[in-house]
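All residue numbers in this chain count up from 1 along the given sequence.
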Amino acid sequence: IGGAMRDVWARLSTTLTHFADKMGSDAIFRDSTLTNLEDIVGMLPAFNFTGDLQLATIGDDIKRSLMGYRPADLRKDKEQRNEAAAEAKRIMESMSGFMRAFGGGE
């Protein structure tokens with residue numbers, strides 16, 4: 001069970017890190033940068049078979065903070081893109097303690 005939960009946290013972290021990296025730079029990004037994040041957050045309830053409250057809370061935070069962005073808007077609006085990057089980094093920081101608890105993170 002611990003290994004499965006580590007995998008869930010790692011997948012979420014990897015996807016969120018990719019999103020933050022792309023939004024925090026001028027790099028070209030594909031729509032899948034957002035849809036991959038939406039997909040994993042949408043699957044969190046099924047992946048969270050232990051009922052991990054922190055995982056559910058992080059998922060809700062991502063939904064509230066990052067799911068309202070549209071790729072076309074992020075490509076055109078540098079301020080909106082910087083805002084999305086800052087939100088993603090804030091969420092990643094809040095995840096770091098939970099990642100360590102499951103044997104991942106820094």
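Under the salt bridge (charged side-chain N to carboxylate O under 4.0 Å, His left out) criterion, Asp61 pairs with Arg64, Arg90, not counting sequence neighbours. Residues meeting the side chain to side chain donor-acceptor pair (under 3.5 Å) test with Asp73, sequence neighbours left out: Arg70. Residues meeting the side chain to side chain contact (heavy atoms under 4.5 Å, CB included) test with Ala85, sequence neighbours left out: Met23. Scanning for side chain to side chain contact (heavy atoms under 4.5 Å, CB included) contacts around Ala46 gives an empty result, with sequence neighbours left out. Every side chain to side chain contact (heavy atoms under 4.5 Å, CB included) that Lys89 has, sequence neighbours left out, goes to Ala20. For Asp7, the salt bridge (charged side-chain N to carboxylate O under 4.0 Å, His left out) partners at least two apart in sequence or on another chain are Arg11. Lys78 is linked by a side chain to side chain contact (heavy atoms under 4.5 Å, CB included) to Asp26, Asn82, counting only residues two or more places apart in sequence or in another chain.
Note that the CG atom of Leu37 and the OG1 atom of Thr35 stand 9.0 Å from one another [nearest 0.5 Å]. To the nearest 0.5 Å, the span separating CG on Leu34 from OG1 on Thr15 amounts to 12.0 Å. One distance of note links CD1 of Ile62 with OG1 of Thr57; it measures 11.0 Å at 0.5 Å rounding. Here CG of Leu16 is found 9.5 Å from CG of Asp21. Values are rounded to the nearest 0.5 Å. Rounding to the nearest 0.5 angstrom, the gap separating the CE atom in Met92 from the CZ atom in Phe19 is 11.0 Å. The CE atom of Met5 sits 5.0 Å away from the CG atom of Leu55 when rounded to the nearest 0.5 Å.
Looking at every heavy atom in both residues, Ala27 comes nearest to Arg81 through O-NH2, 2.5 Å. When all heavy atoms of Ala84 and Leu74 are compared, the pair lying nearest together is CB-CD2, 4.1 Å. In this structure, Pro71 and Phe29 approach most closely via the heavy-atom pair O-CZ, 3.7 Å.
Under the 3.5 Å distance criterion, the side-chain polar atoms of Asn36 are matched with a main-chain donor or acceptor of Ser32. Of the possible donor and acceptor atoms, none in the side chain of Ser13 sits under 3.5 Å from a partner among the backbone N and O of Trp9. Under a 3.5 Å cut-off, the side chain of Ser94 and the backbone N or O of Ile91 do form a donor-acceptor pair.
The list of salt bridge (Lys or Arg N to Asp or Glu O under 4.0 Å) pairs with a residue in residues 27-38, not counting sequence neighbours, reads Asp31-Arg75.
Under the side-chain hydrogen bond (donor to acceptor under 3.5 Å, both in side chains) test applied with Tyr69, the options Glu87, Gln80, Glu83 reduce to a single match, Glu83.
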